[in-house]
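So the structure is just underneath, and the comments pick up after that.
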Amino acid sequence: MKQSGSVWPQHLLQWFWRVKRDLPWRNTEDPYAIWVSEVMLQQTQVKTVIPYYQKFLKRFPTVRSLAEAELEEVLEMWRGLGYYSRARHLWEGARFVFEHCEGKVPETYENLLKIPGVGEYTAGAIASIAYQERVPAIDGNVNRVLARLIAWEEPTAKVKSRRVFRELLKEAQSSKYPGDFNQALMELGATLCAPKNVRCGECPLEIECDAHRLGQELAFPVKQEQPRVMEAFRFTLMIRKGDQLLVRKRPSSGLLADLWEFPGEEILKHDLQISNNSNDCIVAAESGELYGKSDQVLNREFLRPGFWYDLYQRVVSDHSQDENMKKKLEKGLEVKGPIFHIFSHRRWEMYWVDLEWPDEISDIGLCWVSREELKRMALPVAFQKLLEEPNRNYEG
DNA sequence: AAGCCGGGGGG
DNA sequence: CCCCCAGGCTT
């Protein structure tokens, strides 16, 4: 960690004062105007923002004028900037200030935070720039600059990273010019310390920067590790009656929420544990989880008629055909698969069996649909694949 | 802590 | 064209 008494904050400020662009929101101390600029700059480049900023402030020069405007007109002024929900948030924030703060933008970081749509970053920017409060304003640019400065090895979004960065800035931030200090960091990130094209030769922090010392500027900030792919089996019952197939609706949260599926179960390979049982079987625990002695054992286990019969019993609540189904599964068990399906964070190894059902079924969660109807329903691709491969018999 | 929102910009 | 993403909010 950089020690207090470090000189880089001075270098940074002097660089900023030397190169800073003359932007409209840098010629005002009006917290409302700075608020507007911050919201616009969150989503768009400086040169695009300038004309919108001027037009917007001309039409809505005060919190009151914005609060009293119709949302329609605010959105109209925003047209072309994108991210219209933020225009709405700005408008709602203005109404909040008008109503709860006597029309005056709060003067402290803490009170700015109470405005809906104003988070840590925006509150910090307004407090430091308009009121010279010594608080950080950490946006994506600042995160990148700091991560490189100290060659920080964790994703910036981590709680630990945010704590370390805040501590670092607490030491470094200028007492006399906290707003300029924050703007300088952002300017640096926007111009020299860019995501891809770094210009370290011109950077005031070149000799202080750990990433540069390592020759690894682009390695920081380290990216969030993508969630590892969870491996799972997906066992499915294709229950038919003539042209009809049995389907059910998935739960309204989680994977493939509210979509349709053929009845069955997902078993995470991660959940497979060594069984206490003396025999070599997978046992269906009360929770519905399966336990096997090893992956190898499990990989064979779904060939057992008993495995599919157990699954069938957990999945179909109409037990009138139990004997019938048991016979079918024991006599001519044909397991189909594997078919693999990959989601963003999960990988299914899919197996299924075909079953004929003789007549009506009484199960509140299940319903018959024809293949024609199925085409018009929200059936995830994973299950469509099963329909397309009726002859993929498993050959252990 | 992780994901969504919902559109833009960069490669 | 696809991939990635800021900042605030929700779960």
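What you are looking at is a predicted structure, and each value in this text was computed from that prediction instead of being measured. Per chain, numbering begins at 1; letters A, B, ... match sequence-line order.
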Atom [atom1] of [X] to atom [atom2] of [N]: distance rounded to whole Å?
| X | N | atom1 | atom2 | value |
| --- | --- | --- | --- | --- |
| Leu81(A) | dG6(B) | CG | P | 17 Å |
| Met40(A) | dG8(B) | CE | P | 15 Å |
| Trp78(A) | dG8(B) | CH2 | C1' | 14 Å |
| Lys114(A) | dC9(C) | NZ | P | 15 Å |
| Gln45(A) | dG7(B) | CD | P | 18 Å |

Along DNA chain B (nearest heavy atom to each residue), the more 5'-positioned of Lys196(A) and Val159(A): Val159(A)

Strand DNA chain B in bracket notation, Watson-Crick/G-U under 3.5 Å with | for pairs to another chain: |||||.|||||

Ring pair (Phe, Tyr, Trp, His ring centres under 6.0 Å) partners of Phe60(A), counting only residues at least two apart: Phe56(A)

Residues that Arg250(A) engages under side-chain contact (heavy atoms from CB on, under 4.5 Å), provided they are two or more places apart: Arg234(A), Leu255(A), Leu256(A), Glu261(A), Trp348(A)

Set of residues satisfying side-chain contact (heavy atoms from CB on, under 4.5 Å) with respect to Pro195(A), sequence neighbours excluded: Arg144(A)

Results of salt bridge (charged side-chain N to carboxylate O under 4.0 Å, His left out) for Asp363(A) - residues two or more places apart only: none

Transitive ILVMFWY cluster of Val135(A), excluding itself - 4.5 Å side-chain cut-off: Tyr109(A), Leu113(A)

From CD (Glu360(A)) to CH2 (Trp368(A)), nearest 0.5 Å: 7.5 Å

Between dG6(B) and dC1(C) - P atom distance, rounded Å: 23 Å

P gap between dG8(B) and dC9(C), integer Å: 22 Å

Identify every side-chain donor-acceptor pair in residues 39-49 of chain A under 3.5 Å, counting partners at least two apart or on other chains, and give the distances.
| residue | atom | partner | partner atom | Å |
| --- | --- | --- | --- | --- |
| Gln42(A) | NE2 | Thr122(A) | OG1 | 2.9 |
| Gln43(A) | NE2 | Gly82(A) | O | 3.1 |

Derivation of the side chain to side chain donor-acceptor pair (under 3.5 Å) call for Tyr121(A) and Glu38(A): CA-CA 9 Å; Tyr121(A) 165 73; Glu38(A) 286 302 335; 2.5 Å; yes

Enumerate donor-acceptor pairs with a distance under 3.5 Å from any side-chain N or O in residues 333-343 of chain A to protein atoms, sequence neighbours excluded.
| residue | atom | partner | partner atom | Å |
| --- | --- | --- | --- | --- |
| Lys336(A) | NZ | Pro390(A) | O | 2.5 |
| His341(A) | ND1 | Lys385(A) | NZ | 3.0 |

Shorter than 3.5 Å, N or O on both sides, protein versus nucleotides 4-8 of chain C: list them out with atom names.
| residue | atom | partner | partner atom | Å |
| --- | --- | --- | --- | --- |
| dA6(C) | N1 | Arg86(A) | NH2 | 3.1 |
| dA6(C) | N3 | Arg86(A) | NH1 | 3.2 |
| dA6(C) | N3 | Arg86(A) | NH2 | 2.8 |
| dG7(C) | OP1 | Gly140(A) | N | 3.3 |
| dG7(C) | OP2 | Gly140(A) | N | 2.7 |
| dG7(C) | N2 | Arg86(A) | NH2 | 2.9 |
| dG7(C) | N3 | Arg86(A) | NH2 | 2.7 |
| dG8(C) | OP1 | Gly119(A) | N | 3.0 |
| dG8(C) | OP1 | Thr122(A) | N | 3.1 |
| dG8(C) | OP1 | Thr122(A) | OG1 | 2.5 |
| dG8(C) | OP2 | Tyr121(A) | N | 3.3 |

